[in-house]
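Below, each value reflects all heavy atoms present in this structure, side chains not excepted, and no hydrogens, waters or symmetry copies. This one's a predicted model, so the numbers in the text were calculated from it and none came from an experiment. Each chain gets a letter, A, B and so on, in the order its sequence line appears, and its residues count up from 1.
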Amino acid sequence: MPKYQHQELKIYNSLSGEKETFQPVTPGMVGMYVCGPTVYNKVHLGNCRTFISFDLVFRYLKHLDYKVRYVRNITDAGHLENDAEEGEDRIAKKARLESLEPMEIVQKYTVDFHTILHTFNNFPPSIEPTATGHIVEQIEIVKSIIDQGLAYVSNGSVYFDVLKYNETEKYGILSGRKVEELIANTRDLTGQTEKKNPQDFALWKKAEPQHIMRWPSPWGIGFPGWHLECTAMSTKYLGDEFDIHGGGMDLKFPHHECEIAQGKAATGKDPVNYWMHANMLTLNGKKMAKSTGNNILPEEIFTGNNPNLSKAYSPAVARFFMLQAHYRSVLDFSDEALQAAEKGFHRLMEAFQTIDSLPTSNSSSFDVEELEQKCFDAMNDDFNSPILIAHLFDATKLINSVKAEKASLTQSDAKKLKQFMSEFIFDVLGIHENLSFSNTDNSDETKLSGLVEMLIELRTKARENKDFDTSDQIRDQLLDMGIELKDTKGKTEFKIK
RNA sequence: GGUCUCGUGGCCGAGUGGCUAGGCAGUGGUCUGCAAAACCAUGUACAGCGGUUCGAAUCCGCUCGAGACCUCCA
């Protein structure tokens, strides 16, 4: 029996502002769309947080035995740097700066994106469509919106008529904006004479002669508006109405608002049942952004090569750090916080590895099944990974207590504990770290392990002979090399730091 | 300027109308040849000021502070 029949998952829906019990359109199946990156630059850590957040969602839905189709796009069509009618698109600009073909830029940063997300142990999405691969679909949507009388052609471009749409529908339902307020607060942007109203947004833009990325359309040579691709690709692969649409908080307005309007205009249906927004990762209290340069690149974390960092951190530690905060909260990045996460993470991993060697008893002093359900409860409550991690630390404490012979577990409970911890740590949180190599078959590691064991033996003999100079020398020099010895009851263990 | 969100102990970060979040750091103890690790114990935390309530850090109002969006951004 699939797990989702036993667990009640609640998801915070940005549309309603409340946690709602999750009910997919088709029982047992989930369609999820997440806005992917514009590939004109390296992904920074803030970008990664969003994708790690939705990887967590993807993983947990799968863990509940849902069949999930996860679609995440690549924005590779050139969109303008702002909402003005003229200007250079970001990919073309980057191509000029790097002296590359626009599609080389796209390829280069798509590869970077994939590599980094893989390093963070994200699952790839089920489908990863590109904007340029769906120009035809986008044109079809523009046509149908025009047919509905909700878009107009102006000088070779097509704009969505927000005021007209707002006569029968509500533009602004997601972001809580009112059209009247938007009108009152419109910024003065030059060159918007093509639009009937400043709130209108482009579905299709006429390409200026210097614009490199261009396609033919019923309205002339041009390129699609930014918001359109997500509507085209989400509905193509997930249907006119699907379950979950995610993205960064900064996309809520106008991007997602426009998607809702476009979708409704084109199909007459509200495209998405659950809107989810991941919050920002901040650096020095401010949002990380490509445009301001206030960001850290993942590779800088892995190498420690950044003025904000005192050392390097593994991808698993960085991921664990992010998952210790809830996806809807702003998380501030700092070296200190990463260090704390790293220590806690290692404690958790070491305890997990200890389970097999735990002494077993006839009875357990702890309810393992209750703890497991608490882990489900945490994730069922809008994917609350920090609470889940807190429970995993409770398990850590239990394991260490059993090891210290201050608590007890039956053999079957120890097995259960290992099973569900493994599921939550590796399958759900997606944390993956090279485990202690003492129990692997890799030959070099086996040799090193044997070497350390030999030194431990020598040290144990020295200690028996009260030759503490020798024993301390072995311990201290190993520690200098990054090998820590740990004396436990009757046995010395080691760990590579 | 408009809309919205947030403000938790030394740091990070959950949560909630009354019952220990958790991690890191600190302190005391156990263990140890000494340490480390581990275990046990330990913090009068919820920006400020009012209000609602038997009871609020949690609800309401105001003040102060921070951030996001309103232009491309995850």
Sugar-phosphate, base or nothing in reach of Lys287(A), heavy atoms under 4.0 Å: base
Lys42(A)/Glu299(A) salt bridge by N-O under 4.0 Å criterion: yes
Under-4.0 Å salt bridge between Glu493(A) and Lys403(A): yes
Euclidean distance, atom CE of residue Met349(A) to atom P of rG23(B) [Å, nearest integer]: 17 Å
Whole-Å C1' distance, rU8(B) and rC12(B): 11 Å
Distance below 4.0 Å between Ser329(A) side-chain N/O and rA14(B) OP1 or OP2: yes
rG13(B) to rG23(B) separation - C1' atoms, rounded to the nearest Å: 8 Å
Closest-nucleotide ordering on RNA chain B, the 5'-leading residue of Ile389(A) and Phe321(A): Phe321(A)
Pairing string, 5' to 3', for RNA chain B - Watson-Crick or wobble contacts under 3.5 Å, brackets [ ] where pairs cross, | to another strand: (((((((..(((.....[...))).(((((.......)))))....(((((..]....))))))))))))....
Side chain of Ser401(A) (C-beta onward), nearest among rG13(B), rC24(B), rC39(B): rC39(B)
Under 4.0 angstrom between Lys290(A) side-chain N/O and rA74(B) OP1 or OP2: yes
Sugar-phosphate, base or nothing in reach of Ala278(A), heavy atoms under 4.0 Å: nothing
Pairwise P distance for rA36(B) and rC24(B), with rounding to whole Å: 16 Å
Whole-Å distance separating the CG atom of Leu398(A) from the C1' atom of rC40(B): 15 Å
His432(A) ring center within less than 6.0 Å of Phe426(A) ring center: no
Phe376(A)-Phe424(A) aromatic ring centre distance below 6.0 Å: yes
Sugar-phosphate, base or nothing in reach of Arg177(A), heavy atoms under 4.0 Å: base
Partner set under side-chain contact (heavy atoms from CB on, under 4.5 Å) for Asn384(A), not counting sequence neighbours: His326(A), Pro386(A), Ile387(A)
Sugar-phosphate only, base, or nothing, as touched by Gly46(A) at under 4.0 Å among non-hydrogen atoms: base
Nearest-nucleotide pick for His326(A), side chain only, options being rA14(B), rU3(B), rC39(B): rA14(B)
Nearest-Å distance once atom C1' is located in both rC11(B) and rG43(B): 14 Å
Sugar-phosphate, base or nothing in reach of Lys495(A), heavy atoms under 4.0 Å: nothing
Sub-6.0 Å ring centroid separation between Phe120(A) and Phe302(A): yes
Nucleotide rA68(B), atom P - distance to OH of Tyr327(A) in whole Å: 20 Å
Distance, rounded to the nearest Å, where Met280(A) contributes CE and rC6(B) contributes P: 15 Å
Test of ring centre spacing under 6.0 Å for His277(A) and His256(A): yes
First encountered from the 5' end of RNA chain B, between Gly247(A) and Phe345(A): Phe345(A)
Pairwise P distance for rU5(B) and rA41(B), with rounding to whole Å: 40 Å
Sugar-phosphate only, base, or nothing, as touched by Ala337(A) at under 4.0 Å among non-hydrogen atoms: sugar-phosphate
Row check, Phe253(A) ring normal vs Arg177(A) NZ/CZ: under 6.0 Å, within 45°: yes
Cation-pi check, Arg463(A) onto Phe468(A) ring (under 6.0 Å, within 45° of axis): no
Nearest-angstrom distance, P atom, rG18(B) to rA56(B): 11 Å
Whole-angstrom distance between rC6(B) and rC46(B), as gauged at atom C1': 13 Å
Side chain of Thr50(A) - closest among rA74(B), rA21(B), rU3(B): rA74(B)
Touch class at under 4.0 angstrom, heavy-atom based, for His44(A) against every strand present: base
Nearest-neighbour nucleotide for the Glu336(A) side chain, rC69(B), rC24(B), rC11(B) considered: rC11(B)
Rounded distance in Å - CZ (Phe393(A)) to P (rC24(B)): 6 Å
Spacing between Leu392(A) atom CG and rA21(B) atom C1', to the nearest angstrom: 13 Å
Pair His245(A) + Tyr274(A): ring centers closer than 6.0 Å: no
Atom pair distance, as rounded to whole Å: CZ in Arg49(A) and C1' in rA68(B): 13 Å
Nucleotide of rA74(B), rG67(B), rC11(B) approaching Lys286(A) most closely (side-chain heavy atoms): rG67(B)
Nearest-angstrom distance from the residue atom CG of Asn384(A) to C1' of rG13(B): 11 Å
Parallel, tilted or perpendicular, as decided by the 30° and 60° cut-offs, for the rings of Phe201(A) and Phe160(A): parallel
Gap in Å between the two C1' atoms, one belonging to rU27(B) and one to rA68(B), rounded: 40 Å
Nucleotide-resolved protein contact map, nucleotides 26-37 of chain B, B/S/- at heavy-atom distance under 4.0 Å: ------SBBBBB
Residues Asp161(A) and Lys195(A) bridged, charged N to O under 4.0 Å: no
